[in-house]
Each structure stands twice: as C-alpha cells, then as structure tokens.
Amino acid sequence: MSDLSDGLSGKDLIAQGAGITYDDFIILPGHIDFHHQEVTLEGRFSRRIPLSLPFASSPMDTVTEHKMAIGLACLGGIGVVHYNNAVEAQAEEVRKVKRFENGFITDPVVLSPQATIADVDAIKARYGFSGIPITEDGARHGRLVGVVTNRDIEFEPDRTKRLADVMVTDLVTGRAGMKLEEAHELLRTSKKGKLPLVDGEGRLVSLVSRRDLLKRRNFPDTNKDPRGRLRVAAAVSTRDEDRERVAALAEAGVDAIVIDAAQGDSIYELRLLEWMKGNYPQVDVVGGNVVTRAQAARLLDAGADGLRIGMGPGSICTTQGTMAVGRAQATAVYQTALVARARGVPVMADGGVSQIGHIAKALALGSSCVMMGYMFAGTEESPGDYFYEGGVRLKRYRGMASLEAMAAGGDKRYQTRADDRRVKVAQGVSGAVLDKGPLNDYVPYLVQGLKQSLQDMGVRGVGALHAALEDGALRFEMRSLAAQVEGGVHGLHSYKESSLGMRSG
Ligand code: IMP
C-alpha cells in the first residue's frame with residue numbers, strides 16, 4: 001500500500017463538528033528514535049515567562065498559597081496565588097515566594113518564653129518538629145532569646161512549665177545573609193539541629209534545619225526571575241476594587257497576574273487588562289477564561305500576554321449545567337490556541353485534567369502549559385489539614401464558586417459586579433481528594449509519564465509537538481464509546497486504582 005497516512009490532522013479532528021473532550025479522542029503513535037529522557041517539557045506561561053515544566057496550579061483557596069507556589073517554581077512550574085483573602089494577605093503570600101531561598105526557613109514557627117512545653121507538644125503534633133526559636137515577644141521576627149529542642153523537654157513530666165525555664169540560651173547563631181554552605185558548616189561543627197540566623201540587632205530572620213539540609217535537593221529546573229528569585233503569579237477579579245489588589249501584588253514583586261473570570265470576554269475584563277498594561281507594564285497579564293476564537297481575539301487585542309482556556313471542564317465545576325454556557329475542553333484549547341499562536345501568545349489549558357494523558361492531550365492541541373486544581377489538591381503543599389474518612393487520608397478540595405467558598409468571598413470570579421451578590425448561584429461543589437504526598441515525589445511521577453507519552457508520539461518536546469500539530473504530522477482519531485471502554489480497565493473481577501487517586505483509561 002502506498003498511502004500510509006492514517007488518522008486525522010488536528011484541524012480535521014476538530015472540524016468534525018461536535019465539541020470534544022480529552023477522552024473523546026486518542027493520539028496515534030509516531031516513530032521513536034530517541035530515549036524518553038531526551039524529551040524536554042519546556043513550555044510557556046505567558047509572553048515573558050518560560051517554564052521548564054509546563055504546569056501551573058489553580059488560583060483556588062484549597063490549592064495555591066505560598067507553599068504550592070514555592071514547590072512548583074522549584075520544579076520549574078508556576079503557582080497562581082488565589083485571592084479569596086484580604087489584599088495584604090495575598091501580597092504577603094507573593095512576598096513569601098519572592099523571599100524564598102532553598103534551605104532557609106523564612107517564616108519559622110516561634111514561641112515566646114511565656115509559652116509552655118504543652119505548646120511545643122501541640123506544634124510537634126501538627127507539624128512534626130519540635131526545634132523552636134524563642135523570641136522575646138513571641139513574634140516571628142522578634143529578638144531571639146533562646147531555642148527549645150526535643151532534648152530540652154522530652155523527660156520533663158510537667159508540661160505546664162514555661163519555656164523560659166527550659167530553653168537553651170547559650171546559642172549558636174548565624175548572621176542574616178550568610179550562604180547556605182556556611183550555615184551548613186556551622187551546623188556541622190556546632191552539632192546543633194537548628195541554626196537561627198539573626199540581624200545586627202539580634203532579631204530572628206530565618207532558620208536553617210539540619211534535617212532539611214540532609215534531605216535538600218538541588219532543583220536544576222527552578223523557575224527564576226532575572227534577579228534569581230522564584231517566579232510567582234497571582235489572580236485578581238475584574239471588579240474595580242481589585243485595582244488596589246493589582247497595585248499591592250505588583251509592589252510585592254509578582255511576575256504575572258491572572259484575571260480570574262469564568263467568562264473573560266467582558267468589558268470589565270477588557271478595561272482592567274488595558275489599565276494593567278498601561279500602569280504595570282513589567283507584569284505579564286493572563287486573560288481569561290475564554291473558549292472561543294472571538295473571545296480569544298478580543299483579549300489579545302487588549303494586550304493579553306497569555307490566555308487561560310476553559311469554561312466548565314473543572315472537576316469541581318457545575319458551570320455548564322447551571323449556565324448552559326461553556327465548551328468541551330479539547331475543542332476550546334485547539335480553537336483558542338490557533339488564534340493565539342498566530343500572535344505569538346501562549347495559551348494555558350485550565351481544568352478537566354485528572355490523569356497524565358490529559359496533560360499530554362492539552363499540549364498536543366496547542367496549549368503551552370496546563371493549569372490544574374484537582375491534580376495538586378491533596379498534596380502536602382496545598383492549603384488545609386489532612387483528615388481521615390473511613391480510614392482514608394484526605395484533604396478538602398472545593399470549587400471557588402461552591403457555596404462554601406463563595407461564603408468566604410470567592411464569588412468575585414462568577415459575579416462581575418459587587419451589587420450582584422445578594423443571590424448566589426453555585427457553579428461548583430466542595431469535596432475531598434486523596435492524599436497525594438509531597439510535590440517532590442508526585443511531580444517527578446507526572447514528568448516521567450509525560451515524557452514517555454511524548455516519546456510515544458515521536459516528538460522530543462512541546463515545541464516539536466506544536467509544529468507537528470500545525471503541519472499535520474501529528475495524527476489523531478476519535479474514540480467510539482466502545483473504544484473508550486476498551487482503552488480503560490475492563491473485564492477484571494477486581495483491581496486497584498492508582499494510589500494517587502488518578503483515573504485510568
Ligand atoms: P480541575 O483541575 O479539573 O480541578 O479544575 C480546576 C479549574 O476549575 C480552576 O483552575 C478554575 O478554572 C475552575 N474552577 C475553580 N473553581 C470553580 C468552581 O467553583 N466552578 C467552576 N469552575 C471552577
């Protein structure tokens with residue numbers, strides 16, 4: 001047979017008519033002439049923000065605060081800090097990321113000399129450590145007067161005793177600004193577990209822990225700004241009052257601002273976008289959410305440096321059912337990426353990812369990075385405490401338009417004007433997800449899977465993938481319902497799902 005071209009190009013796949021989701025299609029294998037470790041995953045978040053890992057975390061109050069943003073930036077991705085909080089609280093989250101230095105704990109848990117051993121016990125139960133700096137007034141950056149470690153309190157029967165009576169006051173300290181290697185050396189020679197770093201007036205600045213140093217990893221792909229600080233993004237609503245938020249975030253050093261609206265093609269968003277580009281040209285602005293070519297074009301005309309794509313695919317989302325408006329995510333990504341690519345602007349597929357293959361498909365349809373809520377909820381770095389239900393370790397995960405999150409202020413994304421707030425229509429649910437462990441264990445697993453996926457497609461990176469999409473070399477096929485059943489686990493009497501709560505098939 002002479003015609004060996006098989007399947008459909010991306011263009012023909014989408015042109016078939018009905019809107020399609022990630023599960024509706026499959027990508028045909030290409031030719032492999034390289035090892036999967038040669039695959040690179042470099043993507044782009046916005047015009048001026050490259051990513052060595054094309055992952056962004058959702059601006060949701062159960063997903064992204066500084067811990068998630070730090071963890072993801074260290075691995076090459078980026079976190080988008082949510083805004084279901086006061087302006088100053090959000091700006092402080094951004095500052096924590098910008099201040100972060102691998103190895104230094106800049107917001108250590110501290111106690112005052114008047115606190116008791118029972119307070120240390122409570123911290124140990126909650127965080128798992130008991131080496132605690134004691135400051136004069138119990139303030140995080142107060143004057144350092146002592147340190148309490150496990151060995152000072154473990155045999156003390158009276159847990160009501162004040163820390164003033166048990167703390168070590170003969171301290172080994174480092175000076176603020178010292179290099180991690182020097183701190184390491186001081187820890188080694190002093191044989192201490194914790195090294196507090198203080199400024200010229202004896203105030204606590206940060207802490208270095210021996211245990212952290214032992215397990216410290218080098219992060220070769222860290223996402224850094226030109227000054228060597230971690231990159232971070234933050235979200236704002238389209239409301240006029242959020243201009244103050246934009247100013248505070250820019251002042252805190254945020255790299256990009258995501259305008260967070262479920263329907264991003266509004267005069268409110270366009271006005272804000274133009275105002276931001278005029279007043280804060282150093283900050284990249286990601287517009288959204290959009291799902292059609294015309295919506296994308298309007299935000300691009302207004303100067304968007306990136307687009308966030310998706311209306312309704314989120315795991316916690318009920319928008320499409322409630323509003324009757326939205327679009328199937330695979331079609332939305334393809335159509336908007338087509339318009340944005342022509343202008344050199346990246347798009348980010350947002351929502352609906354519950355397995356590695358979905359990430360691969362989003363990239364294959366033209367997305368330059370993938371935003372995920374569900375995939376990062378339940379990791380150690382997501383906000384909230386773990387709890388148990390039926391013997392399973394869980395964390396809360398909720399839509400920002402769930403009644404619960406809206407009651408806490410999260411309705412700004414869904415109701416454009418402040419005076420709309422009297423009647424709330426939920427567009428999301430609140431639930432729980434399985435414990436996914438620390439990002440440092442979980443993300444390498446996603447990376448490995450994604451590299452193998454691109455290898456199967458026969459491409460060495462996201463750029464090559466987009467080129468293959470454009471020239472039609474990348475081939476797709478629709479999956480019938482029976483094909484989807486065939487592609488998932490079937491016919492077994494019983495089996496175990498991935499322990500990370502990811503779907504198979
Ligand atoms: P997931 O990764 O499938 O869980 O989707 C996360 C995405 O859902 C977020 O990045 C938002 O775009 C979107 N989202 C967040 N909260 C809500 C909600 O309450 N209703 C609808 N969509 C939401």
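Considering His82, Arg398, Arg396 as possible partners of Asp61, the one that fulfils the side-chain hydrogen bond (donor to acceptor under 3.5 Å, both in side chains) test is Arg398. Of the residues Arg229, Arg48, Lys98, the one that meets the salt bridge (charged side-chain N to carboxylate O under 4.0 Å, His left out) test with Asp255 is Lys98. Remark: of the listed residues Gln455, Glu38, Lys451, His35, Glu38 is the sole one forming a side-chain contact (heavy atoms from CB on, under 4.5 Å) with Arg460. With Gln90 as reference, Arg245 is the one residue of Arg95, Glu65, Arg245 to meet the side-chain hydrogen bond (donor to acceptor under 3.5 Å, both in side chains) rule. Leu272 pairs in a side-chain contact (heavy atoms from CB on, under 4.5 Å) with only one of the listed residues (Glu269, Glu274, Met276), which is Met276.
The backbone N or O of Ala349 lies less than 3.5 Å from a partner atom in the side chain of Ser367, making a donor-acceptor pair. In this structure, the side chain of Asn223 does not engage the main chain of Arg231 through any donor-acceptor pair within 3.5 Å. Side-chain N or O atoms of Arg44 include one that pairs as donor or acceptor with a backbone N or O of Arg47 at under 3.5 Å. A distance-only check finds a donor-acceptor pair linking the side chain of Glu93 to the backbone of His66 [under 3.5 Å]. At least one donor-acceptor pair under 3.5 Å links the side chain of Arg327 to the backbone N or O of Val291. Using modelled atom types, no side-chain atom of His466 and backbone atom of Leu365 make a donor-acceptor pair closer than 3.5 Å. Using modelled atom types, no side-chain atom of Thr322 and backbone atom of Thr319 make a donor-acceptor pair closer than 3.5 Å.
Inspection of the Gln448 and His36 side chains reveals an N or O donor paired with an N or O acceptor under 3.5 Å. Side-chain atoms of Ser453 and Asp456 form no donor-acceptor pair, as typed in the model, at a separation below 3.5 Å.
In terms of the side-chain hydrogen bond (donor to acceptor under 3.5 Å, both in side chains) criterion, Ser206 has no residue partners (sequence neighbours excluded). For Phe55, there are no ring pair (Phe, Tyr, Trp, His ring centres under 6.0 Å) partners two or more places apart in sequence or in a different chain. Remark: Phe476 engages Phe25 in a ring pair (Phe, Tyr, Trp, His ring centres under 6.0 Å) (not counting sequence neighbours). Applying the ring pair (Phe, Tyr, Trp, His ring centres under 6.0 Å) criterion to Phe100, with sequence neighbours excluded, gives no partner residue.
Annotation: salt bridge (charged side-chain N to carboxylate O under 4.0 Å, His left out) contacts involving residues 354-377, sequence neighbours excluded, are absent. Among residues at least two apart or in separate chains, there is no ring-ring contact (aromatic ring centres under 6.0 Å, His included) pair with a member in residues 305-348.
Note: Trp275 and Tyr280 have perpendicular aromatic rings, judged against thresholds of 30 and 60 degrees for the angle between ring planes.
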